[in-house]
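Accompanying notes for the structure given below.
Because only heavy atoms are used, hydrogens play no part in the values below, and waters and symmetry mates are left out as well, while side chains stay in. In this chain, numbering begins with 1 at the start of the sequence shown.
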Amino acid sequence: MSKTIAIVGAGVGGLTAALCLTRRGFEVDIIEQAALLTEIGAGLQISPNASRILAELGLLGALEAVWTEPDAITLADGMSLRPLASVASGRFARDRWHAPYGVLHRASLQRILLAAVEAEPRCRLHLGHRIDGDPQRAIAAITGRTPTLIVGADGIWSRLRNTVPGAGRVQFSGNVAWRMTVTRHAAAGLLQPDRVSAFLGSRAHLVAYPLREIDGFNLVAIIEGKETDSVWVGKDADVRRHDYLAAFSAWNHGLRTLLKNADSPSYWPLCTVSDGAWQDGAKTVLIGDAAHAMTPFAAQGAAMAIEDASALATCLADTNDITLALRVFETGRRPRIAQVRRRAAFNRFAYHARGPLRIGRNVILSMKGPEALAADFDWLYGYGAPAR
């Protein structure tokens with residue numbers, strides 16, 4: 001197999017794939033339509049299944065310099081603030097899953113990945129280029145060489161997906177995410193800086209991550225919502241702000257005030273990609289959101305892209321038969337992605353439960369001990385870890 005690979009998209013998945021591939025001896029061109037890499041969003045959870053891969057790439061020290069390793073991930077009732085359950089993290093995560101659990105600003109992760117790519121002589125980054133027409137010809141015109149394989153890491157609105165026969169389609173999930181940041185002072189008495197907090201309520205939930213970089217918190221409020229146009233970042237957030245405030249009208253007064261006073265919230269209609277082909281057997285393979293975008297109810301979108309990147313590099317390095325490599329990659333990853341999708345669907349049901357279901361959920365969660373709660377995550381966070 002030729003050692004030249006092109007990656008379309010310089011987000012978390014694309015940059016991680018570039019690093020994984022170059023560590024396996026491949027030459028990589030990364031093509032990105034943006035002239036400047038700026039990351040949309042704020043807080044990001046890096047669970048042990050993803051941090052393990054980033055550590056193998058030599059990035060753990062840079063991550064530790066900017067992220068927070070929360071002591072726990074807690075679930076609480078959004079109306080009463082009564083704690084429902086807590087999963088230990090921090091030192092516990094490193095001991096149990098052999099890798100850390102960290103939260104940081106998404107832009108920080110992209111900056112760390114970009115610095116590693118720029119320091120890698122086998123990587124070439126091409127900004128400000130859009131792929132139109134035949135991808136191989138377009139990429140050859142940009143880079144001066146024809147790739148053996150094109151990796152589509154261009155996100156949920158992937159253009160490369162259109163070149164893969166039978167690929168999935170984008171569909172609205174029925175939920176909308178509102179994202180905003182608040183200062184530590186504004187959240188005093190409500191949010192704790194040593195933990196990730198998830199507040200559950202009828203048809204809505206709120207997750208708060210501490211962000212060291214801003215000495216505050218990133219808030220993600222997810223509600224049931226109406227389908228909008230295909231603009232990923234809502235441009236009419238002020239008009240729609242009434243919808244998300246109404247969804248929390250029966251919640252704890254302090255949380256309602258925090259949401260109401262947050263500066264410049266923006267909304268994302270949460271879309272997924274339906275089940276479909278990820279590769280064409282010869283020229284193109286999709287990873288991350290381009291292949292299998294999922295709802296964020298399991299907080300695994302970025303982690304799955306990172307896992308994809310590592311798995312694809314391994315498959316390509318293990319054989320000179322590109323058709324076999326792509327088939328092994330897709331066959332191997334599909335069960336994992338399906339399992340994470342099922343967990344996200346279950347969490348959506350549980351987090352937004354109402355009436356008797358909400359009461360039953362609270363009782364069940366309160367009865368689970370720390371060991372049982374941790375064991376529920378072994379299959380997810382322990383992926384790739386040495387046997388315990």
Are any of the side-chain nitrogens in [X] or [Y] under 4.0 Å away from the carboxylate oxygens of its partner?
{"X": "E371", "Y": "R96", "answer": "yes"}
{"X": "E64", "Y": "R94", "answer": "yes"}
{"X": "R124", "Y": "D29", "answer": "yes"}

Hey, are [Y] and [X] close enough side-chain-wise for a donor-acceptor pair under 3.5 Å?
{"X": "Q45", "Y": "Y209", "value": "yes"}
{"X": "T314", "Y": "R24", "value": "yes"}
{"X": "Q300", "Y": "N49", "value": "yes"}
{"X": "D308", "Y": "H292", "value": "yes"}

In the single-linkage hydrophobic clustering (I, L, V, M, F, W, Y; side-chain heavy atoms under 4.5 Å), do [X] and [Y] co-cluster?
{"X": "L44", "Y": "L270", "answer": "yes"}
{"X": "F92", "Y": "V196", "answer": "yes"}
{"X": "L19", "Y": "V28", "answer": "yes"}
{"X": "I150", "Y": "F26", "answer": "no"}

Establish, yes or no, whether the cationic atom of [X] lies under 6.0 Å from the six-membered ring centre of [Y] and within 45° of the ring axis.
{"X": "R336", "Y": "Y383", "value": "yes"}
{"X": "R203", "Y": "F248", "value": "no"}
{"X": "R334", "Y": "W278", "value": "yes"}
{"X": "R179", "Y": "W268", "value": "yes"}

Residue of the set F349, F199, F297 for which ring-ring contact (aromatic ring centres under 6.0 Å, His included) holds with H205
F297
Check whether any side-chain heavy atom of [X] sits under 4.5 Å from a side-chain heavy atom of [Y], and report yes or no.
{"X": "E56", "Y": "R23", "answer": "no"}
{"X": "F329", "Y": "L316", "answer": "no"}
{"X": "E224", "Y": "V176", "answer": "no"}
{"X": "Y244", "Y": "Y267", "answer": "no"}
{"X": "R82", "Y": "L84", "answer": "yes"}
{"X": "W178", "Y": "M180", "answer": "yes"}
{"X": "P48", "Y": "L380", "answer": "no"}
{"X": "P296", "Y": "V220", "answer": "no"}

Could you go through L125 and L114, starting from their C-alpha distance and side-chain angles, then the distance that decides it, and tell me whether this counts as side-chain contact (heavy atoms from CB on, under 4.5 Å)?
CA-CA 9 Å; L125 182 61; L114 179 60; 3.5 Å; yes
E69 vs R91, test: salt bridge (charged side-chain N to carboxylate O under 4.0 Å, His left out). Steps then yes/no.
CA-CA 8 Å; E69 292 184 41; R91 184 73 253 172; over 6 Å; no
Start with the C-alpha gap between T16 and V12, add the side-chain angles, then the distance that decides, and say whether side-chain contact (heavy atoms from CB on, under 4.5 Å) holds.
CA-CA 6 Å; T16 304; V12 169; 4.2 Å; yes
Using only atom types and a distance under 3.5 Å, with no angle test, would you say the side chain of [X] pairs donor to acceptor with the backbone of [Y]?
{"X": "T331", "Y": "R327", "result": "yes"}
{"X": "R161", "Y": "A290", "result": "yes"}
{"X": "D378", "Y": "G382", "result": "no"}
{"X": "D154", "Y": "R159", "result": "yes"}
{"X": "T319", "Y": "C315", "result": "no"}

Full working for side-chain hydrogen bond (donor to acceptor under 3.5 Å, both in side chains) between T146 and Q136:
CA-CA 6 Å; T146 300; Q136 280 204 321; over 6 Å; no
If you apply the rule side-chain contact (heavy atoms from CB on, under 4.5 Å), what do you find for I337 with M294, and how did you get there?
CA-CA 9 Å; I337 296 300; M294 60 185 68; 4.0 Å; yes
Has R137 got more than 12 heavy atoms of other residues, nucleotides or ligands less than 6.0 Å from its CZ?
no
Take R212 and S108 through the test side-chain hydrogen bond (donor to acceptor under 3.5 Å, both in side chains) and record every step on the way to the result.
CA-CA 11 Å; R212 236 168 95 184; S108 296; over 6 Å; no
Check the pair L104 / L63 against side-chain contact (heavy atoms from CB on, under 4.5 Å), numbers first and verdict last.
CA-CA 8 Å; L104 76 168; L63 290 167; 3.9 Å; yes
Determine, stepwise, if the pair R184 / D215 fulfils salt bridge (charged side-chain N to carboxylate O under 4.0 Å, His left out).
CA-CA 6 Å; R184 185 194 291 238; D215 191 30; 3.0 Å; yes
What's the spacing between [X] [atom1] and [Y] [atom2] if we round to 0.5 Å?
{"X": "I7", "Y": "I287", "atom1": "CD1", "atom2": "CD1", "value": "6.5 Å"}
{"X": "H129", "Y": "T143", "atom1": "NE2", "atom2": "OG1", "value": "9.5 Å"}
{"X": "I156", "Y": "T272", "atom1": "CD1", "atom2": "OG1", "value": "6.5 Å"}

